[in-house]
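Take a look at the structure set out below.
So that the names make sense, note that chain A is the first sequence line, chain B the second, and so on, each numbered from 1. No experiment lies behind these values; they were computed from the predicted model shown.
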Amino acid sequence: MEASLTDQLSADVQAAVTRAFAAAGFTGQVPATITLERPKNRDHGDYATSIALQLAKEAGKSPREVAEVLLPEIAKIVGVSAVDIAGPGFINITLNRATQAELVRTILTNKKEYGRGKALHGVAINLEFISANPTGPLHLGHTRWAAVGDALGRVLSAAGAAVTREFYINDRGRQMDLFGQSVQAAATGQPIPEDGYQGNYITELAKEVLAANPKIATAEEFREAAYKVQLAQQQRVLETFHTSFDVWFSERSLHESGAVEHGLEKLRSQGHVFEEAGAVWLRTTDFGDDKDRVIVKEDGDLTYFASDTAYYINKRERGFDICIYMLGADHHGYIHRLKATAACAGDNPNYNVEIMIGQLVKIMEGGEELKLSKRAGTIITLEELVEKVGVDAARYTLIRYPVDTPMVMDVDVLRRNTNENPVYYVQYAHARIAAVLRSAKELKIGAELDTFDPTQLVHDRENELLGALAEYPRVVASAAEFREPHRVARYLEELAGVYHGFYADCRVLPLGDEVATAVHSARAALCAATMQVLANGLDLLGVSAPERM
RNA sequence: GUCCCCGUAGCUCAGUGGAUAGAGCAACCGCCUCCUAAGCGGUAGGUCGCAGGUUCAACUCCCGCCGGGGACACCA
């Protein structure tokens, strides 16, 4: 994609500032890139920069003096219509309106590509999320990761990364045996073991397993049969939630393939493995962990940590530059451990490993918080949430908050199809534009580039809308950079709001007997561009963009 | 005890070191004879938990408190 208007302007301003600064003989270094802000207040121009304030100290001048020197050069930039100095020394830049309106051309030409960038081009990212035990249905916490992880995968791809989405199946260890015993007990009418799995789904699983294998007998057989059923159920539910994975990675396969021994060898070769009290340890304290970790227990069994280290090394050997782990709040102790593991393996823990910790989701219904407990069987599953509010509302609501804040979902609100739920606000804007463009087509009013005249777009609302559309590529880039897909959702809400304002003040289609003119076509094209950006953004969230509502 | 996250409007929450801290809901007042009112406009609502520090500039970065949530294993 061609450089966005903002990027181009930023580069032009940088060149202008460098020229003016050198010509004035000031001391100091002009930064290689100058960030332009979008002022919240429209009176402050289309773009603003604080470069004069930054350069003032070293130059030994007041910020306003510096700004005075820079101003004439910035004013020469093609497309700039006015430059002002404001406040302590901000430089406010106003663009020629037709120049900004050219953005419509960019969007309608690039279509789905508009907003995609190359910031992460050539970076191979392994994005691991959910990674639930195959011992039960996916619950609310998993659902948050399903939505956010999937959206993050899309956002990272949009920034040019080669993303592999991966689900780690914890199909080994004691919890699997307990699971098998629990299902067996339910099938044979015995009491569920003390630490076993309780919910109603165990009874259902038992029935299903028995129906398919009437001769089933041992706990191992129950475990394996129930595992298959439960995993398939998780996969099916995630499919309905529009969350996809490239790799379903079994913990068992790590052990069967010799990856665990291989990982241990690798760590040993790096010199951070030692033996003590009959166990094999990894000296993670060399790299900031608060205690060393056992890999092989005294009795010769491998710890869960052994799998973790082997899995990490396996990921790196599969060619991933960055391994992102999306974990629940109860796993925050993993941060130091995993970072230290990477360091022990000779990697850069600040680049090769990223750990995102998601806080809890609370759920309200009927004005009360639903207390979730596996024991009591009152877990809310992904499936139930979707039944209650639908895929779009569930996904959107979970995505629009940063994951490091605990969030509360009010089922009653999400069930009402009103604009209390922001997803409808955004989708409505899309559907509304679709309706306008349908009418435009009937009236034979062009909404395409061949009938588009950028000089027609001079209304403040049009300008505001163009400004919002211009922001989209930067929003996608920052969402990818900071691993925060919620930025896309927040942006879409803002864009929808700006569009609704435009719609209220700027008539797109001719009124009554009015003759269609170039203004109508230009506005229709602006609508089409807005619709494209809304659709692109919703696609990044995995939320549908309806043509009718 | 150690570590992680959070304290922003009545509620739920946004807020790349920048100008007068925002949105939705809730409250109040307006706007449909013509493109989707699932919309738009307005009023009201704040010691950004407290106290220091860095900076031309701090809700934002650093330190210390206070308050809330969560986690510590040769469990998984």
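Across the P atoms, B:rU55 and B:rG22 are found 28 Å apart, a figure rounded to whole Å. Separating the C1' atom of B:rU8 from that of B:rG70 is a span of 22 Å, rounded to the nearest Å. For B:rU16 and B:rG1, the P atoms lie 33 Å apart once the distance is rounded to whole Å. The same atom, P, is picked in B:rA21 and in B:rC62; the two are 24 Å apart, to the nearest Å. Rounded to whole Å, the separation between the C1' atoms of B:rG41 and B:rC32 comes to 14 Å. B:rG67 and B:rA27 have their C1' atoms separated by 30 Å, with the value rounded to a whole Å. Comparing B:rA44 with B:rG30, their C1' atoms are spaced 15 Å from each other, to the whole Å. Distance noted for atom C1' between B:rG46 and B:rC11: 15 Å (whole Å).
In this entry the distance linking CD1 of A:Ile335 with P of B:rA71 reads 14 Å, nearest Å. A:Glu493 places its CD atom 10 Å from the C1' atom of B:rC13, with the value rounded to the nearest Å. The distance between atom CZ of A:Phe482 and atom P of B:rU60, rounded to the nearest whole Å, is 17 Å. When rounded to the nearest whole Å, the span between CG of A:Asp392 and P of B:rA38 equals 19 Å. Between A:Asp505 atom CG and B:rC40 atom C1' there is a gap of 8 Å when expressed in whole angstrom units. Separating the CG atom of A:Asp308 from the C1' atom of B:rC75 is a distance of 13 Å, rounded to the nearest angstrom. Atom pair A:Asp404:CG and B:rG7:C1' shows a separation of 13 Å (rounding to whole Å applied). As a whole-Å value, the separation of A:Leu282 CG from B:rC74 P is 14 Å.
With its ring centre under 5.5 Å from that of the base six-membered ring and a plane angle below 30°, A:Tyr503 counts as stacked on B:rC35. Here A:His44 counts as stacked on B:rA19: its ring centre is under 5.5 angstrom from the base ring centre and the planes meet at under 30°. In this pair, A:Phe90 lays its aromatic ring flat on the base of B:rA19, centres within 5.5 Å and planes under 30 degrees apart.
When heavy atoms are screened at a 4.0 angstrom cut-off, A:Ser50 is found touching base atoms of the nucleic acid. Residue contacts shown for A:Ile357 are absent, as no nucleic acid heavy atom lies under 4.0 Å away. Looking at heavy-atom distances under 4.0 Å, A:Ala435 makes contact with a base.
For the pair A:Lys57 and B:rU55, the criterion of a side-chain N or O lying under 4.0 Å from OP1 or OP2 is not met. Distances shown here put every side-chain N or O of A:Arg490 at or beyond 4.0 Å from the OP1 or OP2 atom of B:rU16. Dashed line: the shortest gap from a side-chain N or O of A:Arg432 to OP1 or OP2 of B:rA37 is under 4.0 Å. Contact between the side-chain N/O atoms of A:Lys291 and the OP1/OP2 oxygens of B:rC74 is not found at any separation under 4.0 Å. Side-chain nitrogen and oxygen atoms of A:Arg400 include none within less than 4.0 Å of the OP1 or OP2 phosphate oxygen of B:rG15. Within the 4.0 Å cut-off from OP1 or OP2 of B:rG15, at least one side-chain nitrogen or oxygen of A:His486 is found. Of the side-chain N and O atoms in A:Arg487, one or more sit less than 4.0 angstrom from OP1 or OP2 of B:rU16. Proximity of A:Arg293 to the phosphate of B:rA73: a side-chain N or O atom is located under 4.0 Å from OP1 or OP2.
Anti is the classification of B:rC25, since its glycosidic angle lies more than 90° from 0.
For A:Thr303, the side-chain atoms get nearest to B:rC74 when compared with the rest of B:rA37, B:rC35, B:rC74. Of the candidates B:rA14, B:rC40, B:rA38, the closest approach to any side-chain atom of A:Tyr401 belongs to B:rA14.
Here the closest heavy-atom approach between residue A:Val488 and residue A:Gly537 is recorded as CG1-O, 3.8 Å.
In this structure, A:Arg432 forms a cation-pi arrangement with A:Tyr503, its terminal cationic atom sitting closer than 6.0 Å to the ring centre and no more than 45° off the ring axis.
Among A:Val519, A:Asp505, A:Leu465, the single residue meeting the side chain to side chain contact (heavy atoms under 4.5 Å, CB included) criterion with A:His459 is A:Asp505. The ring pair (Phe, Tyr, Trp, His ring centres under 6.0 Å) with A:Phe249 is formed by just one residue from the set A:Tyr312, A:Phe167, A:Tyr311; it is A:Tyr311.
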Point to revise | A:His331/A:Tyr325 under ring-ring contact (aromatic ring centres under 6.0 Å, His included): CA gap, chis, key distance, verdict | key: CA-CA 11 Å; A:His331 285 71; A:Tyr325 292 77; over 10 Å; no
**Study point:** Trace of the side chain to side chain contact (heavy atoms under 4.5 Å, CB included) decision for A:Arg483 with A:Leu156
**Key:** CA-CA 8 Å; A:Arg483 322 297 192 224; A:Leu156 292 171; 3.7 Å; yes
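Between the side chains of A:Tyr472 and A:Gln532, no donor N or O sits under 3.5 Å from an acceptor N or O.
Counting heavy atoms from C-beta outward, A:Ile51 and A:Gln14 have side chains that stay 4.5 Å or more apart.
Counting only Watson-Crick and G-U wobble pairs whose two distances sit under 3.5 Å, RNA chain B takes part in these stems of three or more pairs: B:1-7 with B:66-72, B:10-13 with B:22-25, B:27-31 with B:39-43.
RNA chain B lies under 4.0 Å from no heavy atom of any residue of residues 524-531 of chain A.
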